[in-house]
Amino acid sequence: MAISYWLMKSEPSAFSIEDLKNSEGKTTYWNGVRNYQARNFLRDEIKKGDKVLFYHSNAEPTAAVGVCEVVKSGYPDYTAFDPESKYFDPKSTPDNPTWYMVDIKLKSVFKKAVTLEQMRMNSKLKEMKLLQRGNRLSVLPVTKEEFDTILKMGE
DNA sequence: GCCAACGTTGGC
DNA sequence: GCCAACGTTGGC
């Protein structure tokens, strides 16, 4: 099966690509998604081996900063079961989980971060979901062409 | 810090 | 089921 491409947003003040680099095995679980559309991607679409652009939102600058690979496809986000967690959601139970997450591993950090401005200026990327108005999803599908274009821009 | 966009909640 | 109020996201 062909692999898919994704873009995942993180606020660097919460979890940056540097934090990922310093994580054990350069791997982390991508938890805390509490949006149904994004949940559906995590639960149903994102598979082991898929490639992911790591994106810094609410940052200076906002930019794609590296590439990750999915090492574990969707499984229940157990932080939703923990009353102590800030991601706790009483509607989600182990028997019937509402929320899902995946594990990602850092593959490479861009030599040059690809800023949102650069993406907007590249006509090849004008269809990108990230650039469309009002898109607040923290997980977005990216086409192979868009992925490859951004990869080149980051070299 | 502001505010547009948009998702969620809850009264009816 | 409608929709106003409210909360959150995220670019600027």
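The chains referred to below are lettered A, B, ... by the order of the sequence lines, with proteins before strands, and numbering in each begins at 1. All values derive from a computational prediction rather than experimental measurement.
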Less than 3.5 Å apart, which donor and acceptor atoms pair up between the side chains of residues 144-155 of chain A and the rest of the protein, not counting sequence neighbours?
from     : atom 1 : to       : atom 2 : distance (Å)
A:Lys144 : NZ     : A:Asp148 : OD2    : 2.8
A:Glu146 : OE1    : A:Thr143 : N      : 3.0
A:Glu146 : OE1    : A:Thr143 : OG1    : 3.3
A:Thr149 : OG1    : A:Glu145 : O      : 2.7

Once side chain to side chain contact (heavy atoms under 4.5 Å, CB included) is applied, do any residues pair with [X], and if so which ones, sequence neighbours excluded?
| X | value |
| --- | --- |
| A:Lys26 | A:Lys21, A:Leu106 |
| A:Thr79 | A:Tyr29, A:Asn31, A:Arg34, A:Asp77, A:Ser85, A:Tyr87 |
| A:Asp44 | A:Asn40 |

- Residue mapping more 5' on DNA chain B - nearest nucleotide basis, A:Asn58 or A:Lys91: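 Going by which nucleotide is closer to the 5' end, it is A:Asn58.
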- Of all nucleotides in DNA chain C with an atom under 4.0 Å from a non-hydrogen atom of chain A, which is the first and which the last going 5' to 3'?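 Nucleotide range in contact with chain A: C:dG7 to C:dC12.
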Could you list the donor-acceptor pairs under 3.5 angstrom formed by side chains in residues 124-140 of chain A, with sequence neighbours left out?
from     : atom 1 : to       : atom 2 : distance (Å)
A:Gln132 : NE2    : A:Glu127 : O      : 2.9
A:Asn135 : OD1    : A:Leu137 : N      : 3.1

